[in-house]
**Q** 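If you scroll down you'll find the structure; I have some questions about it.
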Amino acid sequence: NGTLRLITWKGYAPKALVKKFEKETGIKVKVTYSNNEEMIAKLRATRGGGFDLAQPSVDRISFVQKKFHIYHAIDYSKVNTDQITAAMVKAAKKISGVDGKVYSVPFIYGTTGMIVNKKLAPGANDWSDLWNPKYAGKISYRLKRPILIGAAFGMGYDPFALYSDKAAYKKLIDKVTKKLIESKKYVKTYWTSGDTQKGLVQSGDVVVESGWDAIGWQAHNKNPNIDFICPKSGALGWIDTFAIPAKSKNIEAAYKWINFILQPKNAAYVTNKSSYMTVSKDASKYLDAKIKANFSRSYSKADINNIKWYDALPSGFATIEAKALDKIKAAQ
Amino acid sequence: MENKKGFNITFYLLILPVLLWLIVLIVLPHLDLLISSFQGDSDAGGKVFTLEHYMAFFQSKIYWLTFINTAAYAIGITILAFIVTFPVAFYLTKVISKKYASFLALLLLIPLWVGELVTVYGWMIILGDHGVINEFLLSIGLIDKPIDMLYTNFSMTIGLLYISMLFMVVPIMSTLESLDDSLIEAASDLGASKWTIFTKIIIPYSMPGITSGGIIVFMLVIGDYVAPDILGGKSSLWFTEQIYNEFLSTFNWGEGAAFGFLLLMISSSIIWLALKLTGQKLERVGS
Amino acid sequence: MENKKGFNITFYLLILPVLLWLIVLIVLPHLDLLISSFQGDSDAGGKVFTLEHYMAFFQSKIYWLTFINTAAYAIGITILAFIVTFPVAFYLTKVISKKYASFLALLLLIPLWVGELVTVYGWMIILGDHGVINEFLLSIGLIDKPIDMLYTNFSMTIGLLYISMLFMVVPIMSTLESLDDSLIEAASDLGASKWTIFTKIIIPYSMPGITSGGIIVFMLVIGDYVAPDILGGKSSLWFTEQIYNEFLSTFNWGEGAAFGFLLLMISSSIIWLALKLTGQKLERVGS
Amino acid sequence: MNKILEIKNLTKEFKGFTAVKNVSFNVDEGGFFSILGPSGCGKTTLLRMISGFIQESGGEIFIRGKLMRGIPPEKRPVNIVFQSLALFPMMNVRENVAFGLKRQKLKKSEIDDKVSDMLARVSLQGFEKKKVTELSGGQRQRVAIARSLVMKPSILLLDEPLGALDRKLREHMKIELKLLQKELGTTFIYITHDQSEALVMSDKVAVMNKGRFEQIDTPRNLYKNPATAFVAGFVGESNRLELKSKDGDFITTKDGWKLKRPGLDFTPEVLYIRPEAFILTPAKNLDNISRFEVKIKTILFDGSNTKVAAIESSSGAEVLISLPQNARFENLKEGDTVEVGINYENLKCY
Amino acid sequence: MNKILEIKNLTKEFKGFTAVKNVSFNVDEGGFFSILGPSGCGKTTLLRMISGFIQESGGEIFIRGKLMRGIPPEKRPVNIVFQSLALFPMMNVRENVAFGLKRQKLKKSEIDDKVSDMLARVSLQGFEKKKVTELSGGQRQRVAIARSLVMKPSILLLDEPLGALDRKLREHMKIELKLLQKELGTTFIYITHDQSEALVMSDKVAVMNKGRFEQIDTPRNLYKNPATAFVAGFVGESNRLELKSKDGDFITTKDGWKLKRPGLDFTPEVLYIRPEAFILTPAKNLDNISRFEVKIKTILFDGSNTKVAAIESSSGAEVLISLPQNARFENLKEGDTVEVGINYENLKCY
Ligand SMILES: Nc1ncnc2c1ncn2[C@@H]1O[C@H](COP(=O)(O)OP(=O)(O)OP(=O)(O)O)[C@@H](O)[C@H]1O
Ligand SMILES: Nc1ncnc2c1ncn2[C@@H]1O[C@H](COP(=O)(O)OP(=O)(O)OP(=O)(O)O)[C@@H](O)[C@H]1O
Ligand SMILES: [Mg+2]
Ligand SMILES: [Mg+2]
């Protein structure tokens, strides 16, 4: 029955589930942990070889596929879509579609918003608080793509609306860049990984930061003063998906894994372990009360409606953003 | 001590801050990690002394199996590094003239200069399905579809070899440099074959260099993270990666630190054992 | 060449594969990167020769400004590393007895063994607002709020220093070892003060070691990625980071490779210039 | 003459080991004083105490009558020429020689004059700009001496300065050094384990053994009348024969060789005979000699220094005998038997 | 006697440089043959051609009549003792000596016997288990020789084997080595730049200069009748005086010193006089000698080897004169004027 070589994020393939899957199907699973950039770089190096199943974010699929052709189209007839929230399937199909073909199945979603120490920064509730002098020296965010988008929303723009107009988008990014450079003096540091993100806010060195919901909740468990909140102008929603590399050697196993891990019980297990929200439709039955509480505490109905889902990034836009990020980092 | 260098007490006072600085720079960062490896959270939220982080290693089969696997790999790569670099070291010190030797030795420094990440990406390009090697083999018709080389133990081994070569070559070169050519000639004069000269004279003579090179490479490989991560296939295979996972994904500093020290201790024991078994001394390492 | 070692043609045949292997291992990975640095996408989707990746560096102020900044830092850290390690090297080779020296030299290897990532995390624990140093200073009442040490140029400098020290100490130690003690005594006998002995005898004598240590440290620091990224804080854009961004975020491997080679070339030129200015020779480096 | 250096009961102890034991001696102004002894006997230690690099454990050192205790090396009016020479490899010849003068903050022109003058005296004009690594052994030697002498020390200390040279050059340099010292008039204290160097160059030689001085004397006296067995064995070549018994005017060696040696008022344990003390086929009328017969074992032809290894017929004792380069002995060959005599006083007993 | 080694017109060229030029000689079985020459003259190159480590550019080497061309070092019936000794530092004494025998795949008991026997012959019983690094210089020497001799080579080649020893030990070892060779009967070819070693030990000595042999002769003849100026200067001590002119039976040196030297049928350019050729205050009736007067400049006392540096009164030429250790000359002192004579035949002109 072979092996399944899976490249994914930490926490997305818990050991218990891997064992269970191996027992059920007889397929051995080899897991490699990675992140978006590395995952794509690796697949590009082999033109989609080396792994049978990958888990990039949905917005990172289409432009990579157009340029490097590293994925197989998804045969949705093999996916048990009954298990998945329909809206998520729709979003995945739309965002990762290229030339009428779809390249991803949704798995986990979440948002980037604010992680705030409510005791020390009671008023912080929007992206714009990331340049609020009140919190000078106690602000942190990651100097990557989301901060550009978030800051744009915080300044009252809608960057996703400009995805059709490169020039206008560049102008907007320039404005955001200027803002972030101006306000750089308030920043404690730019965090670089999930653990620094959590460490900074837990140690009290930082009271306002932009971060991932799951991280915020993990921190909340240790210190109830800290929590994840949706920014007023909208949290940024991301979806991590399954994508099948072009040279996958075991496509069957890949689909088996997709269907397996999206079973409500299994999906709930992942969420309970990691706090990441799953797209599995009936998983909520199996979720811990704490996880549910996290969700309802941080997301009001309005917040959910206001989530800005990442759209597929048009090609060439990554360069604009990278340059902007360099500029901010280099500024004194 | 007899003040034999003509330097008096003022000299010691001068050097004291530097020594202190060195200790702060080298011992302290690890001391703090050491402490945190013994710290657990008490129910009251404070810190208590605990051995649980260390116990976790022995209780969980996956951890120590990984460790054994990693250690076995590191030993293998150390041996490979020796096999690959010894002839090079011999060539550079004993066969070609000094002039070329120092240029070629500079080549060996390239991996260090270019940085691990960049070279690892270089390897990705070479070993990939459409990489240089596969393209070449395909074009001469030796194979009809690309061989899987990247993200396998093969690519990881190459990557690790590449990074550790320098640290094997330099100590071996420095012992070989002091090998008097006439020892080789004397052995040959006494009727020894090339193989005998190699095994009975050259290898035993360069044993101190091989030992120090071996220790450094072993420790380097067992502690490396980037190459197994990027070039390796089965990620959970590498113990260091497990440590980082402890640090990064569960933010469990205590356990991560404990594992780090276990790594240092067990691998030091392996080295100690190897030294005892081969009858070597630690003296020349580090110089 | 005269076959002076008693090894004949078979020996060269024996060593040939090894040499080839070395070239494949060292030159090839970079060769392929070199090629890709000259490749652009043509309108037809094929590959064409282009210099645009190299031009990008010079046309974009942010790139070369970052490079200059990085290079200036690297020079500074090289000098600092020399200042910090020279007394240590002197101490280990000339002041204390061999026995202790080899133990202390082992200490210097720790950063290498433990791996860059772990040590960098170690520093985070020490330097943080709630880290060892701040807690200590607060507790003795010397300061009333934590000093910003982490995520500053200070912490980055410390991290880089820490990683590069070993590579400065070893070559300096190896030249100092050959420094005859009687040179120092002779100078003192002729009426030289300690300072004069240091500047006129010891430093000039160890210049070859300082040079090779300096080159290695400079290249290492300019090519490092982890310490500036993790410890460097918000304004420490390192040129290497830009290169990785090219590889990872924008997938512009051609430009990344081009920048990599520019880094190698420009920093080599800086070294060459420094050697010319100080009248040093490259010969002893790498051995 | 003036005593430029006085050493009184000088002692140096390293942890639990006494390297120099209670040594006393004086050196005359302008003299050439050698300290001769085997490796490890404490010569360098003694020298380093005089120069101030190590501190004496006991005793006193006076230079020109001034007690040196506590005065650091750079303040003492002595300079050293090191065994390794310790030329500064990063400097050229003139920079080496000027090094000490520069430390005295002299004017540049003055330094230049002194250096040029000194280099001329050691016949190194024209070598100013050469790197010291480009010089021959003898030239390096002279640079080292010039570098010390230019400081105008009261005493120049030389620690086996010819040790690193090859034999032919050493023979040459020892004569040159002696002449140089004579010309300069500087007091030299010269350390060596080579007796020939000590004998040829010195006015006075102290023979040192295990931290003690065994004899201080002129070279001629040292050679002719060694005070102790150690000096007899160490200075000059000697046949050493252990003695078994003394019976009136006769002594008998361990091998059983009986020799006449009148005038001994003690029972000696060991006998030293120089190879040149043997008289081959001595005239019948010669008095005061012990006579015996030897069989030639082998001839060690070495020009003017030719010897024969011979076996005394009655006992089988083996001795080396100098063979004068006379036509008379040209035909001597292995296996020949020869009569030999030794003047009583050349039978040195201890 | 049998010729064990025949060398015919042997030549070795390195790129553009001829290290050994057209050398021919024979060595008798059981002989002790030395090659004496200054550093860089090609001695080692010659030896390495005989042992097979480098190939001759021209000429032939025969060992026991067999042409050696193309035979690799390990197959030639010769063994080398290297200047550096090249003892294997990782082995003890017996392993060093057994190394060659093991390569011959002999039985262990046979190896043990041969090694024990050999060690006994070089007086190293009881040292079997010592590390070679723990031995003294002389003992290491003997291990190196034993290691080669145990292979029972037809010829033992020794490349300056005493070069690394200190003087006193060297004097001792050269006698020991000669006796050992005599006892063993193995043919030795011995390379050295030390004339005393060559003279004392050898049956025949070849003096080499710039790749050529200048003279092959017995030590005695070499010393007494040097064939060329080079040999006269290199073998034994000599005063060298350049000549300006010849006028009948008289020769004049560059300094202007006129000496009688009948019987020359060519115009010589240089004159060599050994220090011991001078006769101090020669008897009035002595014939066939040149007479002149010298003033003593300094006395170089060195026991039996004492010399004086003297200045010839008429010309100021400086010469070294041996001073016999007779009571007669005991009172000679600096500044004295002495009459001196030299036998005509001791004025060696070239
Ligand atoms: N710093 C020291 N600590 C302990 N022992 C020492 C020290 N320096 C010298 N010695 C010992 O003192 C003795 C005399 O040493 P010294 O160097 O004076 O001998 P030497 O006569 O100069 O010998 P050589 O001719 O070999 O130079 C030796 O046994 C040596 O081991
Ligand atoms: N492999 C070589 N290539 C070029 N020239 C060489 C080589 N080996 C020796 N020579 C030259 O040949 C000459 C003779 O060298 P050789 O080693 O035979 O001298 P030597 O008489 O043994 O001197 P020494 O007494 O110093 O050992 C020297 O000038 C040397 O530089
Ligand atoms: Mg000494
Ligand atoms: Mg030689």
Side-chain angles (χ1 to χ4, degrees), chain D residues 38-39 162-163 166-168 170-172 174-176 178-179 181-182 192-203 205 218-224 233-238 274-277 297-307 309 318 320 322 324-327 330 334 343 346, chain E residues 38-39 162-163 166-168 170-172 174-176 178-179 181-182 192-203 205 218-224 233-238 274-277 297-307 309 318 320 322 324-327 330 334 343 346:
Chain D
S39 183
L162 304 183
D166 81 17
R167 190 170 176 162
K168 209 132 196 164
R170 213 150 66 195
E171 295 294 325
H172 175 73
K174 75 187 175 198
I175 298 174
E176 191 167 311
K178 183 188 170 105
L179 297 176
Q181 189 266 343
K182 246 180 142 176
T192 181
H193 61 253
D194 183 319
Q195 39 114 352
S196 161
E197 281 173 23
L199 294 178
V200 166
M201 293 192 275
S202 321
D203 300 322
V205 178
T218 61
R220 214 175 270 266
N221 275 338
L222 214 55
Y223 191 83
K224 296 251 144 118
F234 194 75
V235 179
E237 232 177 325
S238 274
R274 300 216 182 273
E276 71 267 24
K297 188 176 168 195
T298 186
I299 297 177
L300 304 163
F301 180 80
D302 194 5
S304 65
N305 200 19
T306 299
K307 297 193 184 63
E318 200 170 307
L320 281 179
S322 280
Q325 286 304 292
N326 298 349
E330 202 119 289
E334 289 171 26
N343 207 309
N346 284 333
Chain E
S39 183
L162 305 184
D166 80 18
R167 189 168 178 167
K168 206 128 198 167
R170 213 151 66 195
E171 295 293 325
H172 175 72
K174 74 187 178 198
I175 298 174
E176 192 167 311
K178 181 185 173 108
L179 297 176
Q181 189 266 343
K182 248 181 141 176
T192 182
H193 62 253
D194 182 320
Q195 40 115 352
S196 161
E197 282 173 23
L199 294 177
V200 166
M201 293 192 276
S202 322
D203 300 322
V205 178
T218 61
R220 213 175 271 268
N221 274 338
L222 215 55
Y223 191 82
K224 297 250 142 119
F234 194 75
V235 178
E237 233 177 322
S238 275
R274 299 216 183 276
E276 71 267 24
K297 188 178 170 197
T298 185
I299 297 176
L300 304 163
F301 179 81
D302 194 6
S304 63
N305 200 20
T306 299
K307 297 194 184 66
E318 201 170 307
L320 281 180
S322 279
Q325 285 306 290
N326 299 348
E330 203 118 288
E334 288 170 26
N343 208 309
N346 285 334

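Convention: sequence-line order gives letters A, B, ...; per-chain numbering from 1. Since the model is a prediction, treat every value here as computed from it, not as a measurement.
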**Q** Under a 4.5 Å cutoff for heavy-atom pairs, which residue among D:H193, D:E237, D:R274, D:K182 has the most contacts with chain E?
**A** D:K182
**Q** If we only count heavy atoms from C-beta on, is the E:D302 to D:K174 side-chain gap below 4.5 Å?
**A** yes
**Q** Find out whether D:M201 and D:Q181 are in side-chain contact, i.e. whether some heavy atom of one side chain is under 4.5 Å from a heavy atom of the other.
**A**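 No, their side chains stay 4.5 Å or more apart.
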**Q** Against chain E, label D:K307 side chain, backbone, both or neither, depending on which of its atoms sit under 4.5 Å from a heavy atom there.
**A**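 For D:K307, neither part sits under 4.5 Å from chain E.
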**Q** Under a 4.5 Å heavy-atom cutoff, which of D:E171, D:K178, D:E197, D:R220 has the most pairs with chain E?
**A**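 Of D:E171, D:K178, D:E197, D:R220, D:R220 has the most heavy-atom pairs under 4.5 Å with chain E.
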**Q** Let's go through D:V205 and D:Q195 carefully: what are the C-alpha distance in whole Å and the side-chain angles of both, what is the deciding distance for side-chain contact (heavy atoms from CB on, under 4.5 Å) to 0.1 Å, and is it a yes or a no?
**A** CA-CA 10 Å; D:V205 178; D:Q195 39 114 352; over 6 Å; no
**Q** For chain D, find which of E:N305, E:V235, E:L300, E:V200 contributes the most heavy-atom pairs closer than 4.5 angstrom.
**A** E:V200
**Q** Check this for me, if you would: do D:E330 and E:K224 make a salt bridge, where the nitrogen-to-carboxylate-oxygen distance has to be below 4.0 angstrom?
**A** yes
**Q** Would you please test D:Y223 and E:S304 for side-chain contact (heavy atoms from CB on, under 4.5 Å) and show each step?
**A** CA-CA 9 Å; D:Y223 191 83; E:S304 63; 3.9 Å; yes
**Q** Report which part of E:I299 has an atom under 4.5 Å of a heavy atom belonging to chain D: side chain, backbone, both, or neither.
**A** both
